[in-house]
Chemist: 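Mind having a look at this structure? Questions to follow.
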Protein chains: 2
Amino acid sequence: MQHINWDNLRYVLVVANKGSIAAAARELNVNRSTVLRRIDTFQKNLNCRIFDRSDSGYVLTPEAEKMIDAAREVESTLFDMQRQIAGHELRLEGELRVTTTDTFMLSLLGPHLASFQQTHPHIVVEVQMTNNILDLNRRDADIAIRPTRLPDAGLVGRRLCDVDFGIYATPQLLQGIDRKQIFTARWIGFVDGIMQTPIGVWFSRTIDIRNICLRCDSFVAVRVAAEAGIGIALLPRLLGDSSAQLERLEVDTSELSIGLWALAHSDLVRSARVHAFIEHLSRALA
Amino acid sequence: MQHINWDNLRYVLVVANKGSIAAAARELNVNRSTVLRRIDTFQKNLNCRIFDRSDSGYVLTPEAEKMIDAAREVESTLFDMQRQIAGHELRLEGELRVTTTDTFMLSLLGPHLASFQQTHPHIVVEVQMTNNILDLNRRDADIAIRPTRLPDAGLVGRRLCDVDFGIYATPQLLQGIDRKQIFTARWIGFVDGIMQTPIGVWFSRTIDIRNICLRCDSFVAVRVAAEAGIGIALLPRLLGDSSAQLERLEVDTSELSIGLWALAHSDLVRSARVHAFIEHLSRALA
DNA sequence: CTATAGTGTTGCAATTATGCAGCATATTAA
DNA sequence: TTAATATGCTGCATAATTGCAACACTATAG
């Protein structure tokens, strides 16, 4: 009996997740034909069919579902393993993958990244600026800088500072509006993804949906829109106060205040790189 | 961040198990240099050292122990997976790996393998005749034909027949011995591995160790030795009765009687091949 | 001591896997 | 409809991996 190639199972898993050979190839940074041929050899080795071709791409045969469960188990075991290895790294060099949102990248982190870079010139920080919540369990990133009320299970964090909010608009826009009627003026809102968060809840409670004239998936985009006079905007004060074109209105939004945290997987906090970065940010923002 | 090659972890595991690059290469059926280079790239990818070179070969660094635990977990997950896939195989074709001891291969199975082969010409039976107990969990074999009192957990079995024992010697040897004194004559014994089993216990209780003139690791070897007149032998009756040169003595060995079982992993009994083989043997020996 | 058999490691040639470009087909948009 | 984009799949040239043979070293036996 020949042994199966464990790495091919990784390919099978990605194809199952992505639903097509082409999408899997992009994820794996290889050519489509490579994925195709690896899946073929895997199926030949095990003498079984894993995928049916359907209109919507490669879809798992019912029997293969359990195999994918096994593959996922393998994957998470290896993620754990890699994290533990990375957690034992004591040298202050190598790469450090940090994820944060555009909001904090633009309004807060620039100078602190610069000073960190000066203090630890051999650590190459790789910033992933995205509003998607990357999965620290999957090692999509080593550290996440994000607002949260309570860190997820398995993650450890340091509260860096508070994030307060404010209501902003251009003076030109405000001229035509009665200050007591601002909630019925035109507002800049958020896409569905954000509407589930406390921000979204406040919004849907406070603003009539018919007054929302534009929806964005990012506070930075909201600020651009607000500066263009499109409508009234809810913004983190970090972003709003620094805008020369925007004026802040006196509205109580203290219930929206939230902590900004530096989060890392508990396996990784003993890593010198991770520890140094969190320590640095924490001191700089104290 | 680059992804690690899952297959290289398999190589790491084998090296850890075997203790040397060369031994791992033999196990994996590849060249030594391949193993060496794969271990190298694995360590470079993860940026960690896994093995120390010592006089006794490649030995794990203490930090790497947990990694090997993860690798073992991956391995057993994949064994489970492969078994489940094989268990869904409904066609009566392909290979079927059967392990049994030399004893039963020589004395019992030949004709039944022949008739099975005739009934199912597309199933290629691969016999592994060894006195080592192969691990059905690791898929070292699909079916084991071996004597046992109670099948291991996770295995399902069918009791095929009884295995009774007898005491044998050549008539020439017996001429010089008082039948009441046979236990103090020269005996053919067993190597340590067998001495832990009920057979061994009976032996050490019945025969003075000083009377053992030869030790074998196999009943077949014992029979050859007994036929050569070296000493008195305890043999399965299947082996002893069929020998033209040996005479059976009237000694009660019924306490040694044991069942011969066909064993398979529970995941595999639904496989058509496995089911057919066990069914065939069971009917033939009923 | 020598001889033998084992080990890890390296350069080079042969093998194998991969990327690329192209094809047919399917889906989506205008 | 047509055009544009995406998909799976295949031949061929290139790139990467592997086996082979040789080497240095160690351990063991005679």
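Side chains are part of it too, since the values below use all heavy atoms of this structure and drop only hydrogens, waters and symmetry mates. Chain letters run A, B, ... following the sequence lines, proteins first and then strands; every chain starts at 1.
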Chemist: Is the B:Phe203 to B:Phe190 ring centre distance short of 6.0 Å?
Modeler: yes
Chemist: Can A:Arg97 and A:Leu134 be said to form a side-chain contact (heavy atoms from CB on, under 4.5 Å), step by step?
Modeler: CA-CA 11 Å; A:Arg97 284 151 47 252; A:Leu134 299 186; over 6 Å; no
Chemist: When the distance from OH of B:Tyr58 to C1' of C:dG8 is rounded to whole Å, what number comes out?
Modeler: 6 Å
Chemist: Is a donor on one side and an acceptor on the other found under 3.5 Å between the side chain of B:Thr61 and the backbone of B:Ile50?
Modeler: yes
Chemist: Roughly how many Å is it from CG in B:Asp7 to P in D:dA16, rounded to a whole number?
Modeler: 19 Å
Chemist: As a test of understanding, state which of B:Asn8, B:Asn5, B:Val74 forms a side chain to side chain contact (heavy atoms under 4.5 Å, CB included) with A:Trp6.
Modeler: B:Val74
Chemist: I'd like to know if the side chain of A:Arg273 reaches the main chain of A:Glu95, judged simply by a donor and an acceptor atom lying under 3.5 Å from each other, with no hydrogens or angles considered.
Modeler: yes
Chemist: Do the side chain of A:Arg223 and the main chain of A:Leu239 share a donor and acceptor less than 3.5 angstrom apart?
Modeler: yes
Chemist: Quick check against the 3.5 Å criterion: does B:Thr99 have a side-chain atom that pairs as donor or acceptor with the backbone of B:Gln128?
Modeler: yes
Chemist: On DNA chain C, nearest-nucleotide positions of B:Asp40 versus B:Arg26: which is more 5'?
Modeler: B:Arg26
Chemist: So if I take residues 28-38 of chain A and measure heavy-atom distances to DNA chain C, which residues fall below 4.0 Å?
Modeler: A:Val30, A:Asn31, A:Arg32, A:Ser33, A:Thr34, A:Arg37, A:Arg38
Chemist: Within residues 14-25 of chain A, find the residues that approach DNA chain C with a heavy atom at under 4.0 Å, and present them sorted by residue number.
Modeler: none
Chemist: In whole angstroms, how far is the P atom of D:dG8 from the CD atom of A:Gln43?
Modeler: 13 Å
Chemist: Would you kindly give the OH-to-C1' distance between A:Tyr11 and C:dA17, to the nearest whole Å?
Modeler: 10 Å
Chemist: Quiz question: by atom type and distance under 3.5 Å, do the side chains of A:Arg37 and A:Asn31 form a donor-acceptor pair?
Modeler: no
